[in-house]
Amino acid sequence: MVRFKNRYVLCEVVSEDPRCRQCIEDRAVGLAVRDAVGRVHGDYGLACCSISFTVKYLNAYTGTVLLRCRKDSYRLLCSALPFVRQLESRNQRYPCSLNTLHVGEERRCIQKSLLSCSLTEEQSRSGDEEDDDGPETD
């Protein structure tokens with residue numbers, strides 16, 4: 001029995017419009033990524049990436065997306081992600097982009113990376129709140 005080797009790509013949806021994150025769906029992200037791969041790499045790249053391509057996880061509130069593809073074609077997928085310019089959901093187009101946060105072999109590795117990113121983000125937010133309290137006097 002042969003094991004299919006996959007790669008997981010953790011991405012972040014970046015948009016100036018706050019409604020974009022709340023209205024996105026996994027199907028819309030998948031179509032936008034497939035469209036970008038087709039534009040950048042043509043029919044060959046689209047065929048290679050769509051063999052095992054799926055959106056495994058989408059958190060609309062944090063804008064986190066987890067994509068899965070075959071090991072052979074993950075470079076094609078990663079090189080096409082910056083060309084995602086908009087997401088279409090419910091007949092609305094939202095301008096946005098996808099930032100790659102981490103690429104890993106196992107889902108467990110991606111979950112650890114996501115947790116560390118969340119903790120770092122939370123610590124930076126709490127550090128900003130302490131600075132906003134006012135000037136310090138000795």
Side-chain angles (χ1 to χ4, degrees):
M1 187 170 197
V2 177
R3 184 178 87 126
F4 293 110
K5 295 186 179 181
N6 295 315
R7 290 291 182 260
Y8 293 91
V9 181
L10 182 66
C11 300
E12 174 186 24
V13 177
V14 179
S15 175
E16 295 177 4
D17 188 10
R19 295 178 298 157
C20 176
R21 284 187 176 178
Q22 297 171 356
C23 295
I24 59 174
E25 299 171 347
D26 56 349
R27 184 171 182 229
V29 173
L31 289 174
V33 171
R34 282 191 179 107
D35 183 46
V37 170
R39 279 184 289 150
V40 175
H41 298 291
D43 292 337
Y44 173 76
L46 186 60
C48 287
C49 287
S50 63
I51 291 173
S52 173
F53 174 74
T54 55
V55 178
K56 295 301 281 183
Y57 174 75
L58 171 69
N59 189 337
Y61 295 106
T62 61
T64 306
V65 180
L66 182 62
L67 307 172
R68 185 189 76 183
C69 67
R70 299 282 297 265
K71 178 185 174 185
D72 302 336
S73 60
Y74 83 95
R75 287 189 180 110
L76 295 174
L77 177 70
C78 290
S79 65
L81 287 177
F83 294 97
V84 174
R85 296 186 192 111
Q86 65 185 3
L87 294 175
E88 186 172 345
S89 178
R90 300 180 191 134
N91 294 329
Q92 295 283 330
R93 291 186 179 182
Y94 300 102
C96 67
S97 62
L98 293 177
N99 285 343
T100 304
L101 299 176
H102 187 74
V103 178
E105 296 177 3
E106 297 179 353
R107 209 166 167 177
R108 188 179 322 140
C109 178
I110 295 292
Q111 288 173 344
K112 287 180 184 178
S113 174
L114 180 60
L115 185 62
S116 67
C117 287
S118 299
L119 289 176
T120 306
E121 204 172 281
E122 187 65 34
Q123 288 173 354
S124 68
R125 285 184 188 167
S126 65
D128 292 341
E129 291 173 2
E130 290 174 4
D131 294 340
D132 294 339
D133 289 340
E136 293 181 14
T137 55
D138 290 330

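In this structure, Val84 is not a member of the same hydrophobic cluster as Tyr94, with clusters built from ILVMFWY side-chain heavy atoms closer than 4.5 Å. Tracing side-chain contacts under 4.5 Å through hydrophobic residues (I, L, V, M, F, W, Y), one reaches Val13 starting from Val33; they form part of the same cluster. Residue Phe53 is grouped with residue Leu58 when hydrophobic side chains (ILVMFWY) are merged at heavy-atom distances under 4.5 angstrom, including chains of intermediate members. When the side chains of ILVMFWY residues are joined at heavy-atom separations under 4.5 Å, either directly or via intervening members, Leu10 and Leu81 end up in two distinct hydrophobic clusters. No chain of hydrophobic side-chain contacts below 4.5 Å, direct or via other Ile, Leu, Val, Met, Phe, Trp or Tyr residues, connects Leu46 to Leu77.
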Pair up each side-chain donor or acceptor in residues 37-44 with any protein partner under 3.5 Å, not counting sequence neighbours, and list the distances.
residue, atom, partner, partner atom, Å
Arg39, NH2, Phe83, O, 3.1
His41, NE2, Leu76, O, 3.3
His41, NE2, Ser79, OG, 2.8

Between side-chain atoms of residues 63-73 and protein atoms elsewhere (two or more places apart, or another chain), which donor-acceptor pairs fall under 3.5 Å?
residue, atom, partner, partner atom, Å
Thr64, OG1, Thr62, OG1, 3.0
Ser73, OG, Cys48, O, 3.4

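One distance of note links CD of Glu106 with CG of Asn6; it measures 11.0 Å at 0.5 Å rounding. Note: Glu12 CD to Cys96 SG = 11.0 Å, rounded to the nearest 0.5 Å. Asn99 CG to Cys11 SG: the interatomic distance, rounded to the nearest 0.5 Å, is 8.5 Å.
When side chains are defined from C-beta on, Tyr57 does not count as touching Ile110, because their heavy atoms never get closer than 4.5 Å. Residues Phe4 and Ser52 have side chains not in contact (no heavy-atom distance under 4.5 Å, counting atoms from C-beta outward).
In the hydrophobic clustering (ILVMFWY side chains linked at under 4.5 Å, chained through shared members), Val14 stands by itself.
Shown here are the side chain to side chain contact (heavy atoms under 4.5 Å, CB included) partners of Arg27, two or more places apart in sequence or in another chain: Leu31. Glu25 is linked by a side chain to side chain contact (heavy atoms under 4.5 Å, CB included) to Ser89, Arg90, counting only residues two or more places apart in sequence or in another chain.
Within the structure, the salt bridge (Lys or Arg N to Asp or Glu O under 4.0 Å) test picks out no pair touching residues 50-66 (sequence neighbours left out).
In terms of heavy atoms, Val29 sits closest to Leu87 at CA-CD2, 4.0 Å.
In terms of modelled atom types and a separation under 3.5 Å, the side chain of Ser15 and the main chain of Pro95 share a donor-acceptor contact.
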